[in-house]
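Notes follow once the structure below has been shown.
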Amino acid sequence: MSDFVKVSRDGDVAIVIIDNPPVNALSFHVRDPLMHALVSLRGDVSVAAIVIACAGRTFVAGADITEFGKPVQQPDLRALIVTLETIAKPTVAAIHGTALGGGLELALGCHFRVADAGARLGLPEVKLGLLPGGGGTVRLPRLVGGVKALRMIVSGTPIGAAEAHAAGLVDAVFEGDLTTHAVNFAREIARKGGPFTPVRDRDDGLKETDLRAFDAEAADLARKARGLEAPIACAQAVRNAVTLPFDEALAAERALFVTLVGSDQSRAQRHLFFAEREAAKLPGKDTPKRRIARIGVIGAGTMGGGIAMAFANGGYPVTLLETSGEALQRGLGTIEKNYAVSVSRGSLTEDAKRQRLAQFKGSTDHADLAECDLIIEAVFEDMAVKKEVFGKLDAVAKPGAILATNTSYLDINEIAGSISRPQDVLGLHFFSPANVMKLLEIVRAEKTAPDALATVVDLARRIGKVAVVVGVCHGFVGNRMLAARGSESEALLLEGATPSQIDKAFTDFGWPMGPFQMGDLAGLDIGWRNRKARGLTAVIADTLCEQGRFGQKTGRGFYLYEAGARAGVPDPEVEALIRDKAAERGIEPRAIGAEEIIERTLYPMINEGAKILEEKIAARASDIDVVWVNGYGFPIGKGGPMFWAGLEGGARIVERLEHWFRQTGKDVFKPAPLLKRMAETGSWETDATA
Ligand code: T1G
């Protein structure tokens, strides 16, 4: 017996309970006693059937990810499953919560699987840069067929119990006391008598697999892999299951797994898994939270409407305030249209759309915000306007209401200092579209109360956002580093790189799009307005805006957009403009390679990240990675800018920054002390975080 695996009896049925909080990961201290229990029960003639279940909130959620990269301690998961399949008496996995990864693979080692109606089952290893390494790629197709197994394993998306039952992955779905149902199920199966066929010897699913359809689907998925190795390996492993004998396919799976688990991409994705969870942790773990029942949003424009939807989608009633009935109706109309689009795409039911729309209450009277527990303003990005709004909130909001600004840049300490309750003020920086983008920068101002901060961090999780707590500075973490990343864009254009060449260097790196494609998509006028407000210029972008070329929305920006096209094509007029401006400055254009483009854009961005850590604007380097992966599309296979800096090598980054500093004299290339220290130690730890 062990604390992590307990065996009890219900007559002739043995019940093995795994109890390894919080998610019953298959750590060594579970595998070892579990193996002993299975071997003992296998030989126990008084046992007619075996049920494997879990205590706590979920069935096994996978191998223990913290064990990866360390020597494997036997028995490993594969040995457990092999032992399971030597047991002649019926074995039944009783699944509740989420059976994921190694947890589902353990269940596939059983003859039967029964599930609670609310259970979800999946093989999400691809999200860690891996593939199911416990036989999941070879056993799952035998039950659900090759194409469904391919989709489940390459997407990593779990399926519900009903779908799993329909697909043949589970043998029964129950409501209520799952263990009792599982015991009765096992006893009935034993009574009927065997033999009981292990999944490895079943071919129900394989027979129905159409290899041509499979290969077509696999090719399509490969095109979407965007440089990630794991999705390709997953597809190959499932194809092996469909075309090779079991043991050959299993050996091939193992080889692919070993390659992936040692890869930088998987290390990067495992880093991000823990980084996202770390980012949401605050000092003072048990800080009391304020009660949040109703949300107020001021401004029903693009951002305000998206923020309101994000909360309505999370089940919160929202009071949406605008300055006029006409603006309010326009905002509510846009929200309704957005939900209608989701319904037409099949990602939302009509009923859910009605429920969400019912969460909204429109108003043009600030007094209606008095009942709100959290009020977020998404008004014009101007300090005077923000202060005016907060002055009104100070007068109408209930005591203890949290007052949040969605500002991207402005000084939240100044906003907080303009009202009587700075302890209730913080920033909630959503990313557009706010109802879609996962990232939420939570900006802690100097006087923000700890419970207000803890409340919104918890709230972020409840509405499905990835929260990162950041400090006050111009642009916080994401936009401040974005400015550093783009500071050389114009210089690179004037020196001879075309927008397409720069964008291609980015997409080849793994970004979904390059800076000029992104500018055209977001609208060049946004940056133009920001630059003018700060007295800055960007000769090419400013000229384009003066010509009314704002990007996709005007059909012309850095690129030309044929009617309605999403992808732009190079515009000879823009390239001529760049050449003219270069000539005016006596700059002789030259060929500029991708390596130089990356050095003059991403290295300054990492340097700015080092400064952000030195200034304690971010608590951890991994927080910066979480911001960039979830807010700006930094390729997950590179783990975020600060993790990638480790792969690239701090010394190389310092050396190249010093080179460009000598070439240009620009501060953006002057290596930050912490970056130099990281180049020596390999670590981003600062004195404060060490
Ligand atoms: N290993 C170790 N720790 C884990 C873990 C895991 N598999 N899953 C979660 N944790 C920790 C997590 O870090 C957090 O810790 C706490 O548990 C609660 O997690 C061989 C190779 C199950 C849906 O990828 O998707 O099996 O921050 O905050 O929101 O083929 O956890 O409290 O210290 O996420 O309720 C495959 C990963 C592994 C599933 C629950 N399995 N986990 O979500 O809680 S690889 C996965 C999740 C594998 C085999 C392969 C989620 C969850 P802390 P949480 P949650």
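Since the model is a prediction, treat every value here as computed from it, not as a measurement. Order of listing sets the numbers, starting from 1, for every ligand and every atom in it.
Thr137 and Glu253 form a side-chain donor-acceptor contact under 3.5 Å, judged by distance and modelled atom types alone.
Taking the six-membered ring where the residue is Trp, Phe112 and Phe185 present perpendicular rings, their angle passing 60° and hence far from 30°.
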Table of N or O contacts for ligand 1, cutoff 3.5 Å:
residue	atom	partner	partner atom	Å
ligand 1	1 (N)	Ala63	O	3.4
ligand 1	1 (N)	Ile65	N	3.0
ligand 1	7 (N)	Ala63	O	2.9
ligand 1	26 (O)	Ala63	N	2.8
ligand 1	26 (O)	Gly102	N	2.9
ligand 1	27 (O)	Lys281	NZ	2.9
ligand 1	30 (O)	Glu105	OE1	2.5
ligand 1	30 (O)	Glu125	OE2	2.7
ligand 1	30 (O)	Gly133	N	2.9
ligand 1	33 (O)	Lys281	NZ	3.3
ligand 1	34 (O)	Arg277	NE	2.7
ligand 1	34 (O)	Arg277	NH2	3.1
ligand 1	35 (O)	Arg57	NH1	2.5
ligand 1	41 (N)	Ala61	O	2.9

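In the displayed structure, Lys289 atom NZ is contacted under 6.0 Å by more than 12 heavy atoms of other residues, nucleotides or ligands.
Taking the six-membered ring wherever Trp is involved, the centroid distance between the rings of Trp644 and Phe509 falls below 6.0 Å.
Qualifying ring-ring contact (aromatic ring centres under 6.0 Å, His included) partners for Tyr339, counting only residues two or more places apart in sequence or in other chains: none.
Side chain of Lys6 to backbone of Asp3: a donor-acceptor contact under 3.5 angstrom is found.
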